[in-house]
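Have a look at the structure below before the remarks.
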Amino acid sequence: MEKLVIEGGKPLSGSVRIHGAKNAALPVLAASMMAAGVHRIGNVPDLLDIHVMLDILRALGCKAELKDDVVTLETSSANSSHVPEELMTQMRSSIFLMGPLLSRFGHVQVYQPGGCAIGERKIDLHLKGLQALGATIEESGNTITCRAERLKGTDVSLDYPSVGATENIMMAAALAEGVTTISGAAREPEIQDLQNFLNSMGANMIGAGTDTITIEGVESLTPQAYRVIPDRIVTGTLMVAAAVTRGNVTLENVCPPHLTSVIHVLKRAGVQIATRDDIMIVNCSARPKSVERIITSPHPSFPTDLQAQMMVLLSLADGISVMKETVFEGRFKHVDELTRMGADIRVDLSSAFIRGVPRLYGATVEATDLRAGAALVIAGLAASGTTIVEQVHHIDRGYDRIENMFGRLGAKIERFSPVRQLKVP
Ligand code: EPZ
C-alpha cells in the first residue's frame with residue numbers, strides 16, 4: 001500500500017488554491033440522475049470518492065467523464081436503479097442516490113452501507129423520510145428495495161439534522177406531488193449548494209441553510225451546467241497545518257462564511273486570520289494557546305470533519321484543552337497514533353483531554369479513516385524528524401494529492417508506492 005514520508009519542522013509558506021467540495025459534488029452528481037440529458041458540473045475535485053460515484057452512475061447506464069475538474073454527465077442513457085453492492089461498500093454515502101433514483105424510476109435497490117471507522121452510520125432517518133413521502137421499503141438481509149409510483153409531498157421532521165437524510169429527502173421531494181416541509185433539517189453549506197443546483201434544474205425549494213426546507217414538487221427537471229462550492233474541510237485542514245508549523249499561508253478560492261466557527265476557534269488559539277473576498281491569510285508565529293473546550297456538532301457549530309485535525313493543534317498548544325465529539329461515536333481512532341508521536345491525550349467516552357506538549361516526534365503511523373489520516377499528515381509536518389503515514393488511500397478519498405497540496409507550501413513530503421515484486425520465472 002502507498003505511504004507518505006514527511007520531514008517535519010518546516011513552517012508552511014506560500015499560497016494554494018482550494019479545490020471543490022467533495023461533500024457538495026457527491027449529492028450534486030447524484031441529483032443529476034433526476035434530469036435526463038447532458039450536465040456539466042464544475043469545480044469537481046479528482047478524488048477516490050468522486051470516481052466511485054462516477055462508477056456508480058456508469059453502472060446505472062450513464063456516460064460520465066471527469067476532465068480538468070469538470071464532470072460531463074449524460075444521464076439520458078440511464079437504465080437501471082440498482083446500485084452495485086461492491087460500489088456501495090466503497091462509499092457508504094452513496095445511500096443518498098435513493099431519492100434521485102426513486103424519483104426517476106419509481107424503484108431503487110441499494111444495500112445497507114454498514115458502519116465504518118468513525119461510527120455506525122445508521123440510515124433510519126433516510127428510510128423514515130422516504131416512507132413518509134409514500135415509498136414502500138423492503139429489507140431482506142442487507143438489501144433494501146424501495147418502490148413508489150409517485151411520491152407525495154408531506155411534512156417530515158428529522159429527529160437529528162442528518163446531512164445525508166436531508167439531502168435524500170430534498171431530492172425525493174423535488175419531483176413529488178405537492179408540498180414537502182423538512183423540519184429539523186441539516187444546515188450545512190453543502191445542503192444550500194444542493195438546493196441551488198436543484199433549483200437551477202427547475203426545482204422549487206427554499207430554506208436550505210436553515211432548519212426548515214420547503215419544497216414544492218414539480219413535474220420534471222432539466223439538465224444544467226453548475227459549479228460546486230469550495231471545500232471548507234480542506235480549507236480548515238490547511239488552516240490548522242499553517243498554524244502548527246508556525247507558517248504564513250495564503251489560501252485562494254475560500255468561502256469564509258462557511259468557516260465561521262473554525263475561524264473563531266483558531267483565533268482563540270492565537271492564530272492570526274485575515275480574509276478578503278475569497279482569499280484567506282493564516283499566520284501563526286508563536287506556540288498556539290490551548291482552547292478550554294471545543295464541541296463538535298452540526299453546522300454552524302465546529303465541524304466533526306475537522307475534529308482530528310484540530311486535535312493536532314491542541315496537542316501542541318500551551319495548556320490543557322478538551323475536545324468533545326458529539327456527531328460520530330467512533331471518531332477518536334487518531335488518538336492512539338498521535339500518542340505514539342508524543343501527544344498527551346486521554347479519552348473518556350466522547351471527550352478527549354489534551355495536555356499540550358512542546359513538540360511531537362516523527363513515527364510510523366496508520367491512517368484509519370479520511371480525516372484521521374489528514375490529521376496525521378499535519379502532525380508529521382509539525383513533528384521533529386521523519387513521519388511515515390501508511391494506508392494513504394483513506395486520505396485520497398477527500399484530498400486531491402495531499403502531498404502536492406502541502407508540497408506547494410514548502411513541505412518536505414513524498415508518496416512512495418510499494419515496488420511491485422517482479423515474479424522471477
Ligand atoms: C455527511 O455524512 C458527510 N459526508 C460527512 O463527511 C460528515 O462528517 C457528516 O455529514 C456530518 O457533517 C458526505 O456529505 C458525503 P449524517 P452523513 O447523516 O450524511 C447519525 C467526510 O469526512 N444518523 O449527518 O453520513 C449518524 O450515525 C465525511 O467528508 C442516524 O442516526 O452524516 C451519525 O452519527 C465523514 N440515522 C450522525 O447522524 C440516519 O439515518 C451524522 O450523520 C443518518 C445519520
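Just so you know, ligand 1 is whichever comes first in the structure, and atom 1 is the first atom listed for that ligand. For the numbers below, each heavy atom of this structure counts, side chains included, while hydrogens, waters and symmetry mates do not.
Checked by atom type and distance alone, the side chain of Thr75 pairs as donor or acceptor with a backbone atom of Ala35 at under 3.5 Å. Looking at Asp193, its side chain does come within 3.5 Å of a backbone N or O of Ile229 through a donor-acceptor pair. With hydrogens and angles ignored, the 3.5 Å screen pairs no side-chain donor or acceptor of Ser351 with any backbone N or O of Lys324. Checking side-chain atoms of Asp277 against main-chain N and O of Ile279 turns up no donor-acceptor pair under 3.5 Å.
Using modelled atom types and a 3.5 Å distance limit, the side chains of His299 and Glu190 yield no donor-acceptor pair. Using modelled atom types and a 3.5 Å distance limit, the side chains of Glu74 and Ser76 yield a donor-acceptor pair. Under 3.5 Å, the side chains of Tyr399 and His394 contain no donor-acceptor pair of N or O atoms. If you check the side chains of His19 and Asp400, you find no donor sitting under 3.5 Å from an acceptor. In the model, Ser350 has no side-chain atom that pairs as donor or acceptor with a side-chain atom of Glu325 under 3.5 Å. Checked by atom type, the side-chain pair Glu188/Asn23 shows no donor-acceptor distance below 3.5 Å.
Distance from atom 25 (O) of ligand 1 to its nearest protein heavy atom, with residue and atom name: Arg121 NH2, 3.1 Å. At the top of the distance list for atom 23 (N) of ligand 1, counting protein heavy atoms only, stands Lys122 O, 3.9 Å. Shortest contact from atom 15 (C) of ligand 1 to any protein heavy atom: Asn23 OD1, 3.3 Å. Looking only at heavy atoms of the protein, atom 32 (O) of ligand 1 is closest to Phe328 CZ, 4.0 Å. When hydrogens are left out, the protein atom nearest atom 19 (O) of ligand 1 is Gly164 N, 2.8 Å; that is the closest non-hydrogen contact. Nearest protein neighbour of atom 34 (O) of ligand 1, counting heavy atoms only, is Val327 O, 2.6 Å. At the shortest separation from atom 36 (N) of ligand 1 among protein heavy atoms lies Asp124 OD1, 2.7 Å.
Arg104 places none of its side-chain heavy atoms less than 4.5 Å from the side chain of Ser81.
Under 4.0 angstrom from ligand 1, the non-hydrogen atoms of Asp305 all belong to its side chain. Residue-level proximity to ligand 1 for Ser162 is carried by backbone and side chain together, each with a heavy atom below 4.0 angstrom. At a 4.0 Å heavy-atom cut-off, ligand 1 does not touch Gln307 at all. For Leu370, every heavy-atom contact with ligand 1 shorter than 4.0 Å involves the side chain, none the backbone. Counting heavy atoms closer than 4.0 Å to ligand 1, residue Asp49 contributes nothing at all. Contact annotation: for Arg371 versus ligand 1, heavy atoms closer than 4.0 Å belong to the side chain alone. Of all the heavy atoms of Lys22, the ones lying under 4.0 Å from any atom of ligand 1 belong exclusively to the side chain.
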Q.
Would Asp396 and Arg415 count as a salt bridge (charged side-chain N to carboxylate O under 4.0 Å, His left out) here? Give the steps.
A. CA-CA 12 Å; Asp396 294 337; Arg415 181 185 292 252; 2.8 Å; yes
Q: Decide side-chain hydrogen bond (donor to acceptor under 3.5 Å, both in side chains) for Asn142 and Glu85; before the verdict, give the C-alpha distance in whole Å, the side-chain angles of both, and the deciding distance to 0.1 Å.
A: CA-CA 10 Å; Asn142 71 338; Glu85 184 170 11; 2.7 Å; yes
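In this structure, Glu120 does not count as a contact residue of ligand 1, since none of its heavy atoms falls inside 4.0 Å of the ligand. Taking a 4.0 Å cut-off on heavy atoms, His394 fails to register as neighbouring ligand 1.
Ligand 1 has no N or O atom lying under 3.5 Å from any N or O atom of Ser93, backbone or side chain. Here's the thing with Tyr160: none of its N/O atoms is less than 3.5 angstrom from an N/O atom of ligand 1. Of the polar atoms of Ala165, none of the N or O atoms is found under 3.5 Å from an N or O of ligand 1, judged by distance alone. Of the N or O atoms in Val163, one or more lie within a sub-3.5 Å distance of an N or O in ligand 1. For ligand 1, none of its N or O atoms has an N or O atom of Ile118 under 3.5 Å away. In terms of polar-atom proximity, defined here as any N/O pair under 3.5 Å, Glu167 makes no such contact with ligand 1. Looking at Leu125 next to ligand 1, an N or O pair under 3.5 Å apart turns up. On a distance-only criterion, Thr304 and ligand 1 share no N/O pair closer than 3.5 Å.
Not a single ring pair (Phe, Tyr, Trp, His ring centres under 6.0 Å) links Phe105 to another residue, sequence neighbours left out.
Lys333 NZ: more than 12 foreign heavy atoms inside a 6.0 Å radius.
For atom 21 (C) of ligand 1, a protein heavy-atom neighbour is found at a distance under 4.0 Å.
Distances below 4.0 Å separate heavy atoms of Arg331 from the following atoms of ligand 1: 8 (O), 22 (O), 35 (C).
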